[in-house]
Amino acid sequence: MLKKIESKTALAGKAMEQLNESKKVAEQYKKILKEHKDGKYKNALKQSDSIIKNIDKLVDMMIGKKKTSSKVLQNPTPTSVTLLFTAEGYVNSLLQEPGKN
């Protein structure tokens with residue numbers, strides 16, 4: 001069971017890397033498109049904005065929204081990554097001998 005959780009955690013890590021890379025590419029295209037002032041690429045600029053927003057939503061679903069306040073608060077909605085880490089902790093605790101740390 002621990003191997004399955006570890007593979008899911010690795011998959012989530014790969015997905016985050018891919019999302020971050022895709023966001024960088026979309027932001028680079030957006031920057032290039034903004035340099036053209038003639039309005040010819042207006043539709044492509046809107047699409048790149050939409051792609052960036054969708055990537056941000058996916059990242060928020062995986063790891064939770066970024067907190068802008070300095071308060072330490074618990075996220076009321078568990079994310080897929082926090083659920084994986086919780087499951088990994090439970091399985092690891094089952095594998096330890098009672099009374100040993």
Of all pairs that satisfy salt bridge (Lys or Arg N to Asp or Glu O under 4.0 Å), the ones with a partner from residues 40-54, not counting sequence neighbours: Lys30-Asp49
Thr9: partners by side-chain hydrogen bond (donor to acceptor under 3.5 Å, both in side chains), with sequence neighbours left out: none
By side-chain contact (heavy atoms from CB on, under 4.5 Å) - contacts of Glu6 (at least two apart): Leu2, Lys3, Glu88
Candidate pair Lys23 and Val59, rule side chain to side chain contact (heavy atoms under 4.5 Å, CB included), full reasoning: CA-CA 10 Å; Lys23 185 176 178 179; Val59 169; over 6 Å; no
Exercise: identify the closest heavy-atom pair between Leu84 and Ala12: CD1-CB, 4.3 Å
ILVMFWY clustering at 4.5 Å (side-chain atoms), partners of Ile32: none
Sequence neighbours excluded - ring pair (Phe, Tyr, Trp, His ring centres under 6.0 Å) pairs with any residue from residues 33-58: His36-Tyr41
Gln18: partners by side-chain hydrogen bond (donor to acceptor under 3.5 Å, both in side chains), with sequence neighbours left out: Ser22
Value rounded to 0.5 Å, distance of OG in Ser80 from NZ in Lys8: 11.5 Å
Distance (rounded to the nearest 0.5 Å) between Leu19 CG and Met61 CE: 9.5 Å
Interatomic spacing from CD in Gln47 to CG in Asn54 - rounded to 0.5 Å: 11.5 Å
OG on Ser50 to CG on Leu45, rounded to 0.5 Å: 11.5 Å
Partners meeting side-chain hydrogen bond (donor to acceptor under 3.5 Å, both in side chains) with Asn20 (sequence neighbours left out): none
Test side-chain contact (heavy atoms from CB on, under 4.5 Å) applied to Met1 - qualifying residues, sequence neighbours left out: Ile5, Val91
Contacts of type side-chain contact (heavy atoms from CB on, under 4.5 Å), residue Ile51, not counting sequence neighbours: Ala26, Ile55
Nonpolar side-chain network containing Leu11, other nodes, edges under 4.5 Å: none
Nonpolar side-chain network containing Val25, other nodes, edges under 4.5 Å: Tyr29
Qualifying ring pair (Phe, Tyr, Trp, His ring centres under 6.0 Å) pairs with a residue from residues 42-64, counting only residues at least two apart or across chains: none
Spatial distance of atom CD1 (Ile63) from atom CE (Met16) [nearest 0.5 Å]: 4.0 Å
